[in-house]
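This report refers to the structure that appears directly beneath it.
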Amino acid sequence: MPLMVLQFTPSGIYCPAGDFHIDPWRPVPRALITHGHADHARPGHGAYLATAPAAPVIRHRLGAITLDTIPYGETRQIGAATVSFHPAGHVPGSAQIRVAVKGEVWVASGDYKLVDDGLSDPFETVRCHAFITESTFGLPIYSWPDQATLAAQINGWWAEAAARGQTAVLGVYALGKAQRVMRLLDPAIGPILTHGAVEATNTILRAQGLALPDTVPVTDGVDAKSHPRAIVLAPLSALGTPWMRRFGAVSTGFASGWMALRGVRRRRAADRGFIISDHADWDGLNTAIKATGAERIFVTHGYTRQFSRWLTEQGYDAGIVETEYGDDTLENDSLTEEPAP
Ligand SMILES: [Zn+2]
Ligand SMILES: [Zn+2]
């Protein structure tokens, strides 16, 4: 029986050799954090360890915490465990955490994607014996369009709205998705306006040197008259609220991996849906898992039952792990404290 480098406990993923948890959902003395999304970086832990580029967002969200940082690729000895953080390509600063004990190597990948978004350090394959994977989009129906196609779709929709005298309002998650969309936008069409929740994240990411296009925060006096032909990036919670009245006639869009599902567009009541996700699609999950060389696969949040059955059929020793990472109905990938719309 191979060594259980990581165990699955009611508080979260636990390493007995190093006496630490990874992305725990209950308060623990020592937490290693893969990235700053609300369901992975929770308040209440005694001490935190995360990558240097993930730290500013985590601090912004969790306030005064004891947070130590580590560069990608650097190894650190914690008790009898050797740990290192490697790019997960999910959002800026996101990491897979490699844990080695007595030659047995396990990787907890957190959330990940293989597509290079030009913003996050690209996903790195880490060879291991056991791999803990998400399965948010672990069904063959999920297949993402390439970046160029996506850019053409979003810019086409924006330009058409502008030509009709409408403001384009796109619902996005404040951390990751918003900035990724921003980099695909063609500023020749018009100005890019941002909701406070999106701009707060922009400010943090710009301060750490990430290149983002110029944006205009929506404040008093910023409206359809002052900024014609604009696109507005706002959290989903702002769509359809009185905050939007200033933009006059609008065309609304929504950017999510769930757009690959029929019916979601109607439910979201947006005029247009764009398939864009910070998670791996079906091919991405399979490619990543194969490349690790791992024989044991633990499947967490998402289509766990279907995906682990598929992996078992492919010859892996695969099982489901119950976690409290949120994504049952939506990508739970916003900052928790979004200002009121
Ligand atoms: Zn995430
Ligand atoms: Zn997640």
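Side chains are part of it too, since the values below use all heavy atoms of this structure and drop only hydrogens, waters and symmetry mates. Indexing begins at 1, ligand by ligand and atom by atom, following the structure's order.
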Practice problem: Indicate yes or no: does R30 engage D68 in a salt bridge with an N to O separation below 4.0 Å. | Solution: no

Quiz item: With the Zn ion (ligand 1) as the point of reference, which N/O/S atom of H37 is the closest?
Solution: ND1

Quiz item: How open is the angle at the Zn ion (ligand 2) from atom NE2 of H301 over to atom NE2 of H40, rounded to 10 degrees?
Solution: 110°

Exercise. Using a cut-off of strictly less than 2.8 Å, determine whether H279 has an N/O/S atom near the Zn ion (ligand 1).
Key: no

Quiz item: Should L193 and T215 count as side-chain neighbours, where that means a heavy-atom distance under 4.5 Å?
Solution: no

Self-check item: Output field: ring centroids Y142/Y303 closer than 6.0 Å
Solution: yes

Quiz item: About how large, to 10 degrees, is the angle OD2 of D111, then the Zn ion (ligand 1), then NE2 of H90?
Solution: 100°

Quiz item: So, R206 and E199, do they make that salt bridge, N to O below 4.0 Å?
Solution: yes

